[in-house]
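This report refers to the structure that appears directly beneath it.
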Amino acid sequence: MKVSTWNVNSIRVRMPHLVDWLREDLPDVVALQETKVEDISFPKEDIENLGYTAVFSGQKSYNGVAFLFQKTNKPELIKTPSFFDSQKRIIAINLEDLVFINIYVPNGSSVGSEKYEYKLQWLSALVDWLKKTFSKNSKLVLMGDFNIAPNDIDVHDPEVWKDKILCSILERQAFKDIIDLGFYDAYRLVHKDGRAFTWWDYRLNGFRRNFGLRIDHILVSDQLRESLVKVEIAKNLRALDRPSDHAPVVASFSTYL
DNA sequence: ATGTCGCTCGAGGAGCGA
């Protein structure tokens with residue numbers, strides 16, 4: 001089973017890259033963020049023509065999340081709390097004995113801003129919901145754009161980013177609160193150390209200078225840990241013309257689906 | 001280092017969010 005997450009930054013603009021990537025990589029489950037389309041405009045048929053089914057929750061201009069999965073699979077949507085209703089940032093499905101949760105955590109703008117407070121509230125609501133909805137025995141994959149670089153090793157220049165948005169103490173604490181529910185950062189299970197990034201700012205020639213952060217994550221619960229084989233960042237997609245500012249993260253498992 | 005993208009509104013480019 002191959003599971004991946006990618007912030008596409010507009011599915012309409014990124015459709016050619018998405019199509020090529022699905023054809024080449026053949027992931028079983030894909031979590032997309034920042035689709036930026038209302039449900040009525042989601043490119044459902046183009047996705048179906050590639051052998052995938054899509055479930056999505058979008059809005060105009062901003063946010064929007066979607067799951068793509070191989071057509072043969074039959075997932076059920078899991079209801080999320082009304083707290084998450086106003087901005088389309090979360091979608092969850094049940095697929096056989098697995099639960100997949102796709103999140104697009106608020107960016108937070110700058111530390112101390114109203115948007116920053118909203119980010120912290122959103123993360124706190126996520127922890128509450130996870131805690132009360134799932135048990136220790138649940139087989140969970142929680143993935144998406146967390147907009148948090150968990151540690152200094154996930155940042156190209158920790159001094160520059162110290163206490164800044166995506167790296168502040170409270171954001172990192174919120175990430176740890178999620179981990180403490182019983183999740184493992186799949187990337188770090190496989191790559192104990194080493195700097196690797198999933199997002200590079202469009203500004204400042206970020207990608208060419210490798211000024212990046214690792215803010216997109218695939219977290220797995222304990223039961224899935226043993227079967228995790230490989231986790232890679234598809235950096236090649238960030239190097240294309242008209243790229244998303246994020247690269248996909250891809251996790252391969254030896255079992256399931 | 002306020003730099004680049006993608007969006008909306010609405011008909012050209014300003015303003016917002018990331």
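Every chain is numbered from 1, with letters handed out A, B, ... down the list of sequences.
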Output the rounded distance in Å from [atom1] ([X]) to [atom2] ([N]).
X: A:Arg238; N: B:dT4; atom1: CZ; atom2: P; result: 13 Å
X: A:Asn7; N: B:dA18; atom1: CG; atom2: P; result: 11 Å
X: A:Ile165; N: B:dA18; atom1: CD1; atom2: P; result: 10 Å
X: A:Leu204; N: B:dT2; atom1: CG; atom2: P; result: 9 Å
X: A:Gln33; N: B:dA18; atom1: CD; atom2: C1'; result: 14 Å
X: A:Trp200; N: B:dC5; atom1: CH2; atom2: P; result: 16 Å
X: A:Phe146; N: B:dA18; atom1: CZ; atom2: P; result: 18 Å
X: A:Leu213; N: B:dA18; atom1: CG; atom2: C1'; result: 13 Å

Gap in Å between the two C1' atoms, one belonging to B:dC7 and one to B:dG12, rounded: 16 Å
Atom P, compared across B:dC5 and B:dG10: separation rounded to whole Å: 26 Å
Hey, could you give me each pair passing salt bridge (Lys or Arg N to Asp or Glu O under 4.0 Å) that has a residue in residues 218-227 of chain A? Not counting sequence neighbours. A:Asp222-A:Arg225
Mutual orientation of the aromatic rings belonging to A:Phe211 and A:His156 [parallel < 30°, tilted 30-60°, perpendicular > 60°]: parallel
Aromatic rings A:Phe83 and A:Tyr118: how do their planes relate, parallel, tilted or perpendicular, breaks at 30° and 60°? parallel
With the threshold set at under 4.0 Å for non-hydrogen atoms, list the residues of residues 103-119 of chain A touching DNA chain B in residue-number order. A:Tyr104, A:Asn107, A:Lys115
Kindly write out the residues that satisfy salt bridge (charged side-chain N to carboxylate O under 4.0 Å, His left out) with A:Glu48, not counting sequence neighbours, or none if the list is empty. A:Lys44
Under 4.0 Å, heavy atoms only, any strand: does A:Arg89 hit a base, just the sugar-phosphate, or nothing? sugar-phosphate
Are a donor atom and an acceptor atom from the side chains of A:Glu76 and A:Asn94 found within less than 3.5 Å of each other? no
State, without any angle test, whether A:Gln173 and A:Asp177 hold a side-chain donor-acceptor pair at a distance under 3.5 Å. yes
Residues sharing A:Trp200's hydrophobic cluster, by side-chain heavy-atom contacts under 4.5 Å among ILVMFWY, directly or via others? A:Phe197, A:Phe207
Can you pull every protein N or O that's under 3.5 Å from an N or O on nucleotides 6-13 of chain B?
unit_1 : atom_1 : unit_2   : atom_2 : d
B:dG6  : OP1    : A:Arg14  : NH1    : 2.9
B:dG6  : OP1    : A:Arg14  : NH2    : 3.0
B:dG6  : OP2    : A:Arg242 : NE     : 3.3
B:dG6  : OP2    : A:Arg242 : NH2    : 2.9
B:dG6  : O3'    : A:Ser10  : OG     : 3.4
B:dC7  : OP1    : A:Ser10  : OG     : 2.4

Answer yes or no: is there a donor N or O on one side and an acceptor on the other, between the side chain of A:Thr5 and the main chain of A:Met143, under 3.5 Å? no
5'-most by nearest nucleotide on DNA chain B - A:Phe211 or A:Glu34: A:Phe211
Got a sec, which residues hit ring pair (Phe, Tyr, Trp, His ring centres under 6.0 Å) with A:Phe42, two or more places apart in sequence or on another chain? A:Phe56
